[in-house]
Amino acid sequence: MSNELSSAANEPLAKGPANYTPLSPMSFLRRSAQVYPDKTAIIHGNRRESYADFFARSRRLASALAGQGIGKGDTVAVMAPNIPEMLECHFGIPVLGAILNAINIRLDAATVAFILEHGGAKVFIADRQYAPIVRDALEQMANPPIVIDINDPQAKGGGVIGDLEYETFIAAGDPEHPWQGPADEWESIALNYTSGTTGNPKGVVYHHRGAYLNAIGNAMTFGVNAESRYLWTLPMFHCNGWTYTWGVTAVGGTHVCLRDVDPALIFPMIAEHGVTHMCGAPVVLTALIHAPDSVKQRFEHKVEVATGGAAPPSAVIEQMEAMGFRVTHLYGMTECFGPSTVCAWQPKWGELPLDTRAAKMARQGVEYMTLEAQDIIDPDTMTPVPADGQTIGELMLRGNTVMKGYLKNPSATDEAFRGGWLHTGDLAVKHPDGYIEIKDRAKDIIISGGENISSLEIEEVLYKHPDIMEAAVVAAPHERWGETPCAFVTPIAEVGDLTAEKVIAYCRDNLAHFKCPTRIVFGPLPKTSTGKVQKFALRDTARGTS
Ligand code: AMP
């Protein structure tokens, strides 16, 4: 008996098309088009694309690109906001074996030129709104790619860029173009550049397998299904919209496009389209919380919001829940296809008071079902830290939803994968229940008199102040202590009498004194387009260099 079992286990008789297909999100669109041909796949203003349309247009795109010589291993860059064409690119490009390089729409021309050169883009599909930046970037290149313009009626300004226009281009393509996933699931599907706050950005390469798995993991984790209406408040260029571009398509949900993340658009769109799900960095949540009352609406249904990309202070979670949204907290990074970690809800938390519940939900949590493992590890010894909620180590991840590596950068890849784990660079603790909590980026931790101070811990307290809208804390040099916390604070608009003394006194009432900021700077916080506060810029100010 045992022999039979072991031989069955060890000698699969036939690995072939009947029992093995390389995993790829390309199969999602084909299936949804078969199952839900007439269902609305995409809403954009007055425009509606059914799943049959979405599939046919993606096939036309693939066919037209093939006509330009695009095929396996070629890079096609796209610079577009959250519009139907961007979704089509997520399928029509990789189905050719080509690699989708979605470029951050807020980058400057020099960085766009760097990415196009480094990624080796042969074709560049760009929304006309970005014409000035795109033209400038192309002028900086020795061998510029073929440019295809997207002429979206909702674009503001810009102008014609290249010789080809997207609609005309795909109209010439075949709506029956063959639809075939990759021969090997390890083939590259996308190239996403990190934000690169210092030096040049790094090109993170994704494989079809990880994109498939993380799309499924995201849909399941966030409860997205065929009834869902997903509002695009998260940029599709950021980790391919955290893989929801593929994930919402997999379940046959409806994509609701949005060019500009503006609360004055978001609230009415939720009502008009019955939006059930949306994602965004905590800054998006803050914008909704502090939107004028004339804009705010309450909804009869629960709107699910997943937040991540930066730590959401518990006060932000609390205020969103009080507004009738349900918040899911996700953590991730470009290197792991967006979200890898979720603060999985425990039913017993439902009985807790809102503030205690929000504090639990502000922790980053546990690994996705599609990630093999995560742990908090001492990077010097590579041993896990105890689950005591105190000992700080580095969050490390491993599994099938970790990148292939950095493009043309083997030393950075080796460094990132040292010891068989992806090193995230985030410092965290592990609680006795196994949930992890991030304390800081390694480079953001403040070391004062030899003690580690978590900037997030101070920010968490500042966000609870009734007159504070946003806050960020960085290290400022200090003669005696080496470093001391310096807080940058944006008061709520209507509040006029918040002073540095009041903020410091409030911190001293709520934090150990050595952790209290000694300097307060009032004003708006500089942020990246993916919702991260630009702490390097604040550090320069704190150091007095700008
Ligand atoms: P990016 O690669 O641009 O998506 O940035 C990834 C980084 O964002 C992570 O390494 C973290 O520092 C930060 N981050 C993402 N999600 C969270 C979260 N939920 N809490 C704290 N930091 C986060």
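Order of appearance sets the numbers: ligands from 1, and atoms from 1 within every ligand. What you see is a predicted model; the values in this text were computed from it and never measured.
- Distances between N or O atoms of T307 and those of ligand 1 include no value under 3.5 Å.
- The number of heavy atoms from other shown groups lying within 6.0 Å of CE (M220) does not exceed 12.
- For ligand 1, the polar-atom distance check finds an N/O of D426 within less than 3.5 Å of one of the ligand's N/O atoms.
- Side-chain contact between M396 and P379 is present, with at least one heavy-atom pair separated by less than 4.5 Å.
- Looking at H44 and L87, their side chains never come closer than 4.5 Å, going by heavy atoms from C-beta outward.
- Counting the atoms of ligand 1 from 1 in the order shown, those under 4.0 Å from a heavy atom of R441 are 9 (C), 10 (O), 12 (O).
- Ring pair F267/F325 is perpendicular by interplanar angle, where above 60° counts as perpendicular and below 30° as parallel.
- Among all non-hydrogen protein atoms, the one lying nearest atom 1 (P) of ligand 1 is T334 OG1, 3.4 Å.
- The nearest protein atom to atom 3 (O) of ligand 1, hydrogens excluded, is given as K532 CE, 3.2 Å; this is a heavy-atom distance.
- For D433 and K360, the salt-bridge test fails: no basic side-chain N is under 4.0 Å from an acidic carboxylate O.
- By the criterion of a heavy-atom distance under 4.0 Å, the backbone of L330, and not its side chain, is placed next to ligand 1.
- Within the 4.5 Å cutoff, the side chain of V316 has heavy atoms near those of the T286 side chain.
- Ranking protein heavy atoms by distance to atom 20 (N) of ligand 1, first place goes to Q364 NE2, 2.9 Å.
- Looking from atom 18 (C) of ligand 1 to the surrounding protein, the closest heavy atom is A310 O, 3.4 Å.
- Looking from atom 4 (O) of ligand 1 to the surrounding protein, the closest heavy atom is H238 NE2, 3.0 Å.
- Listed for the T194 side chain is no donor-acceptor partner under 3.5 Å among the backbone atoms of P201.
- Among all non-hydrogen protein atoms, the one lying nearest atom 16 (N) of ligand 1 is G309 N, 2.9 Å.
- For M333, heavy-atom contacts with ligand 1 shorter than 4.0 Å involve the backbone as well as the side chain.
- Counting protein heavy atoms only, atom 21 (C) of ligand 1 is closest to A311 N, 3.3 Å.
- Here the shortest heavy-atom distance to atom 15 (C) of ligand 1, taken over G425, G308, G332, belongs to G332.
- N240 places a side-chain heavy atom less than 4.5 Å from the side chain of Y206.
- The two residues V275 and M269 make their nearest non-hydrogen contact at CG2-O, 3.8 Å.
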